[in-house]
There are 2 protein chains.
Amino acid sequence: MDDLEVRQLRYFVAVAEELHFGRAALRLGMAQPPLSRAIRELERRLGVRLLERTTRHVSLTPAGEVLLRDAKPALDAVAAAGRRARHAGRAEPGLRLAMKADYDGGLLPRILAAYRLEPAALPVELVLVGRGEQLPALREGRADVALLPVPLADDRGLDVEPLLTEPRLVALASTDPLADRPRLRVADLAGRTLPDGTPADRDGRPPTAVTAGPSPLAEAPPRRLDLAQIFNLIELGSIVWFPPASVARRHPRPGVVYRTVEDLGPITLALAWPQDSRSPAVAALVRTATTVAATAARP
Amino acid sequence: MDDLEVRQLRYFVAVAEELHFGRAALRLGMAQPPLSRAIRELERRLGVRLLERTTRHVSLTPAGEVLLRDAKPALDAVAAAGRRARHAGRAEPGLRLAMKADYDGGLLPRILAAYRLEPAALPVELVLVGRGEQLPALREGRADVALLPVPLADDRGLDVEPLLTEPRLVALASTDPLADRPRLRVADLAGRTLPDGTPADRDGRPPTAVTAGPSPLAEAPPRRLDLAQIFNLIELGSIVWFPPASVARRHPRPGVVYRTVEDLGPITLALAWPQDSRSPAVAALVRTATTVAATAARP
DNA sequence: GGTCATCCATACCTTCACGGTATCAATGCC
DNA sequence: GGCATTGATACCGTGAAGGTATGGATGACC
């Protein structure tokens with residue numbers, strides 16, 4: 001008579017994020033009355049009021065805020081358990097590496113080549129995800145290791161091993177007035193629009209800043225552009241872009257020039273994996289990757 | 001069609017630990033056939049075989065082992081979410097401190113006195129638990145902070161702040177031949193029985209060693225003695241005991257003598273709390289406790 | 001090697017929790 | 001004060017979960 005159920009937590013999170021039973025029910029793909037009842041039942045089990053509601057307004061009680069904060073990691077843990085078990089049962093187990101396409105510092109081919117020679121190696125399956133989606137992929141058990149920029153906003157439950165630090169450049173239209181100057185400063189680019197639609201601030205926007213996850217129907221979802229779109233907009237002078245040097249090197253393109261920005265902070269790529277991973281395959285990949293990165297660092 | 005349910009995980013853990021459907025059903029308080037069906041349904045959802053079973057033998061598949069490992073933290077997370085929400089909803093919120101009775105290094109009165117003066121202080125509720133039960137209490141949301149010996153076997157998800165290190169003594173019957181010698185070495189006590197029924201090894205058994213949690217009906221559950229029983233057995237010469245100095249100081253007793261053991265490692269007490277705790281009350285307690293411990297250290 | 005006890009699976013039944021529809025009632029807005 | 005919005009209630013049907021009875025395979029023992 002004590003145990004919460006996953007379904008109840010899912011329902012509660014939906015309502016707590018929407019603060020609206022109707023919209024939450026819609027999001028959950030069900031009718032509103034059963035949702036109201038389910039929340040009521042959850043409150044009864046806990047013996048605690050979670051939501052203060054009138055017909056015009058729904059708000060979280062302190063207990064509700066606590067539960068909202070704790071429920072999400074709990075749901076993640078359950079989902080991860082399922083995904084990992086599912087993956088472990090596949091006939092041919094592989095090592096799933098989550099990364100954003102091209103953001104490997106140019107190391108990936110060498111890492112994978114070296115890794116294949118390891119005795120503990122498994123076939124590597126690349127899980128290509130969008131910007132900032134490496135961590136969720138790891139936490140939800142869709143990947144076994146992730147390649148991502150550090151520092152992380154939240155590295156709880158993870159082990160992290162930095163691989164390499166590389167400078168970032170700026171990508172400009174070749175017709176841009178600034179393209180004539182061989183070296184720039186961040187201040188020269190202040191106010192320019194970035195690929196995600198936000199204006200460049202004076203830090204050149206640290207790449208891990210916007211990792212809040214899918215916000216509760218936020219009014220302005222950040223623009224998600226693919227490479228072709230990005231280059232198109234750069235060429236037209238609509239946006240500027242701060243790719244790491246290795247990404248720029250891999251994408252030479254007429255109409256787009258790369259320039260160094262003197263005071264733009266570098267980016268550090270790292271491997272991350274669940275702390276409780278006792279997989280020798282993961283351990284071998286980490287070992288291999290650090291070795292490759294170290295040898296690549298001294299040219 | 002994707003989500004696991006808490007009930008399914010609980011059932012699976014029971015079977016995976018017992019490796020016997022009948023006993024697992026007994027432990028879960030249900031009949032065996034529905035349990036068999038539930039596991040079958042779980043396997044169907046995951047699309048993975050978790051248990052290899054004949055009528056004579058049940059064993060885990062690799063996927064089953066992965067799930068068993070991941071399911072327990074997931075269940076803990078769900079239980080903790082419920083407990084914390086329940087606690088947060090109480091009219092008068094308190095700070096729950098899990099500890100083993102008396103194992104506070106003698107600091108607790110001063111810590112609590114100083115803590116009460118803090119502006120962020122809440123009423124402190126002591127959660128007295130058995131040896132090695134502080135961590136589970138924390139992880140399952142039964143406590144907000146724990147006072148326990150470090151290093152921890154598993155500190156994932158926790159922040160830890162050491163408070164003080166104190167020597168351990170040995171408690172012997174006053175009639176014991178060794179009682180005449182003012183100073184002893186661990187080797188002198190090798191082979192003596194400890195309160196938990198195990199023989200003393202040459203380290204004097206680090207106090208965090210046997211924290212594996214309630215093992216799956218292990219054949220020899222460690223003896224759990226209370227203080228009166230311990231003293232009784234010491235007096236009779238049946239066991240020896242290695243209490244920290246502060247515990248010994250608090251329990252003078254005729255028929256029992258305390259002696260220093262030259263090469264017995266000291267014990268370090270620390271506070272631990274969930275990494276995601278953003279409670280100012282916890283922060284204030286930690287700050288207060290470290291201050292008190294620091295001032296107590298230089299007499 | 002035959003008999004037997006053990007133990008997981010199957011068959012079948014009952015109950016109740018969950019979800020749906022229709023409707024009420026309270027609340028804020030114009 | 002009328003009205004639209006929105007959460008709660010009433011009522012119903014379906015299906016999942018649990019129970020009992022029983023089957024059938026397997027290892028043990030004589």
**Q** What's the CE-P distance between A:M30 and C:dC18, to the nearest Å?
**A**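 Atom-to-atom, A:M30 to C:dC18, this comes out as 10 Å.
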**Q** Would you kindly give the CD1-to-C1' distance between A:I39 and C:dA17, to the nearest whole Å?
**A**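 These atoms are roughly 16 Å apart.
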**Q** Apply salt bridge (Lys or Arg N to Asp or Glu O under 4.0 Å) to the pair A:R142 and A:E140, showing each step before the final yes or no.
**A** CA-CA 6 Å; A:R142 296 197 302 268; A:E140 290 165 21; 2.4 Å; yes
**Q** C:dC8 P sits how many Å from B:L26 CG, rounded?
**A**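 So the CG-P distance, B:L26 to C:dC8, works out to 12 Å.
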**Q** To the nearest Å, give me how far apart CD (B:E52) and C1' (C:dC7) are.
**A** 16 Å
**Q** Assign A:R56 to base, sugar-phosphate, or nothing according to its heavy-atom contacts below 4.0 angstrom with the strands shown.
**A**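 Answer is base: heavy atoms of A:R56 come under 4.0 Å of a base.
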**Q** Distance check needed: C:dA17 P versus A:L35 CG, whole Å only.
**A**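 Interatomic distance, CG of A:L35 to P of C:dA17: 18 Å.
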**Q** Quick check: on DNA chain C, is the nucleotide nearest A:A31 upstream (toward 5') of the one nearest B:G22, or the reverse? Name the residue that is more 5'.
**A** B:G22
**Q** Of B:P33 and A:V58, whose closest DNA chain D nucleotide lies nearer the 5' terminus?
**A**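 In this pair, the answer is A:V58.
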**Q** Can you tell me how far the CG atom of B:L158 sits from the CD atom of B:Q275, to the nearest 0.5 Å?
**A** 7.0 Å
**Q** Find the distance A:E5:CD to C:dC16:P and express it as a whole number of Å.
**A**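 It works out to 18 Å between those atoms.
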**Q** Do the side chains of A:L271 and A:L97 get nearer than 4.5 Å, heavy atoms only?
**A**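 Sidechains of A:L271 and A:L97: in contact.
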**Q** Students should find this one: the first and last nucleotides of DNA chain D, 5' to 3', lying under 4.0 Å from a heavy atom of chain A. What are they?
**A**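 The contacted stretch runs from D:dT5 to D:dT9.
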**Q** Just call it for B:H20: base, sugar-phosphate, or nothing, with non-hydrogen atoms closer than 4.0 Å on any strand.
**A**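 Touches sugar-phosphate only.
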**Q** Please report, rounded to the nearest Å, how far the C1' atom of C:dC18 is from the CD atom of A:Q8.
**A**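 Taking CD of A:Q8 and C1' of C:dC18, I get 11 Å after rounding.
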**Q** How long is the straight-line distance from CD of A:E5 back to CD of B:E5, given to the nearest 0.5 Å?
**A**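 Here the interatomic distance stands at 4.5 Å.
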**Q** Are the side chain of A:R96 and the backbone of A:G141 linked by a donor-acceptor contact shorter than 3.5 Å?
**A** yes
**Q** What does B:E41 touch in the nucleic acid at a heavy-atom separation under 4.0 angstrom: a base, only the sugar-phosphate, or nothing?
**A** nothing
**Q** Taking atom types as modelled and ignoring hydrogens, do the side chains of B:E65 and B:T61 form a donor-acceptor contact shorter than 3.5 angstrom?
**A**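 No, because no side-chain N or O of B:E65 sits under 3.5 Å from a partner of the opposite role on B:T61.
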**Q** Examine C:dA17: is either OP1 or OP2 under 4.0 Å from a nitrogen or oxygen in the side chain of A:R37? Give yes or no.
**A**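 False: A:R37 side-chain N/O out of range (4.0 Å or more) of C:dA17 OP1/OP2.
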**Q** What is the separation between atom CZ on A:F21 and atom P on C:dA26, rounded to the nearest whole Å?
**A**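 The answer, rounded to whole Å, is 17 Å.
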**Q** Between CD of B:Q32 and CG of B:L26, what distance do you get to the nearest 0.5 Å?
**A** 11.5 Å
